[in-house]
Structures are given as structure tokens and as C-alpha cells.
Amino acid sequence: MSEMIKKHSLNLTSFPVGNYACNCSILYSSATKEAIIIDPGNDHELILKKINELGIKVKSLLHTHAHFDHIGRSTEVSKATGATIHLHKGDQFLYDMLPQQGLFFGQQVGTPKKLDSYLEEGEIFKFDDPEINSFLTTLHTPGHTPGSCCFYTEYFETPQLFAGDTLFMQSIGRTDLPGGDSRMIIKSIKERLLTLPEETKVIAGHGPATNIFIEKKSNPFLC
Ligand SMILES: [Zn+2]
């Protein structure tokens, strides 16, 4: 788990969830306790325990894409907390296939809850906390899946990018699964991610964090 230095009442905690260790991130206001969760993963019991420990009120569940290890138990988290579920429309077909995807992850799930809205390129998220306005921006970065998105915030001393399975430390997302596109993922990374401030911390969908400077200089898939 990592805790970030903060400029405002916005807090961030990131930790691995589920049998594929998807990195989940929780952004919350220490003033109003409003929270957004990025990629709750496929272990709702762990997420609900974390929500309880932090004493937060989750408004929305945002997803970088609709692979089961990132979104598999969002229906359960939504039903328990009242949080809304958001995903880019390009991944609706994967969301509809969650029961089948679950079998590959050794988990039985029912039909997922209907999405509350589609994520849009450039969509901005905010809290009611007046210190935290428009703190999170959606970047549509297709390639790993058609609806893959990253989320970006400058509300910390170091800007933070939640990269899902698009960019990893010294690697990039696989493109051999349904809807994957190897040319598109390179284009998305080069045009949308490597153009962010170089000091931006990259919280990848799995594994260790990195930053834009390091990946721009030495990621073997991008050189
Ligand atoms: Zn994935």
C-alpha cells in the first residue's frame, strides 16, 4: 500500500486486489469523506472492508477497462454502497461477458448491474468538498481494449496517472485478447501518456509504479 503526500484534503491509497493483484486506487476527501474508487477489482469483501476502515462514502466506481480482474465484483460493491458504475462504451461487450470472463478467473458471477453512465474522453470528476474541484480527468486510451481509459490528477505534489493495463513499468498492455489493437495502444501511449509532465507517477494496473520520464527513456516497447 502507498500513501501520497497531499496538497489539499484529497487523499489517495492504492493496493492490490484479487487473485490477479489488480491495483485499486481510492481517492477521498478527508473533509467530506466522499470517495471515488478506480478499479475495485474482483474481491468485493476486501474493498468493503477498506471502505469501512476509512469511514468513506463512495460515490462512484470508475474503471480503466472491463477485464474481470478490474471490474469483476463492482456490482457487489455498488449494491452494498450505492456507488454508481462507470465504464467507456467501447468495453460494453466485455462487461456483458463478465459471467464468462469470471470462469477464467475461477469465480462465478451473475449478470452485472447496468452501467450508470459511459465514461467520456475528457470527463472530469469532482467532489462537493470546495477544496477539491475538478480533480480527476478521463483520458480515452484504446489499445489494450477498445474502451481502455486512464485517469489523471494534479492534486498531489507529484501528478498521478492511473494507467490500468495500458502502461506498465518497462512494459505495455497485451493486445491479443478480444478487442486488443497493438498499433492503437502504442499511439495512445505516445500521444496521450508520454505527453504528460515527466514527473507524473504512473500507477499501473498491475505491479510496481513507475513514472513518465523513466518509461519515455527506457520502455523497450516504446523506443
Ligand atoms: Zn486487462
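Atoms within a ligand are numbered from 1 in the order they appear, just like the ligands themselves. We count residues from 1, following the sequence as given.
Near the Zn ion (ligand 1), less than 2.8 Å away, sit the protein N, O or S atoms H65 NE2, H67 ND1, H144 NE2, D165 OD2.
K49 meets the salt bridge (Lys or Arg N to Asp or Glu O under 4.0 Å) test with E53; sequence neighbours excluded.
For S29 and D129, the side-chain atoms include at least one donor-acceptor pair closer than 3.5 Å. Between N19 and N42, the side chains place a donor N or O and an acceptor N or O closer than 3.5 Å (distance only, hydrogens not considered).
Between H67 and H144, the angle of the ring planes goes over 60°, which puts this pair in the perpendicular group of the 30/60° scheme. Taking the six-membered ring where tryptophan is involved, the planes of H206 and F168 are tilted, since the angle between them lies from 30° to 60°. Using a 30° and 60° split on the angle between ring planes, F125 and F151 fall in the perpendicular class, above 60°.
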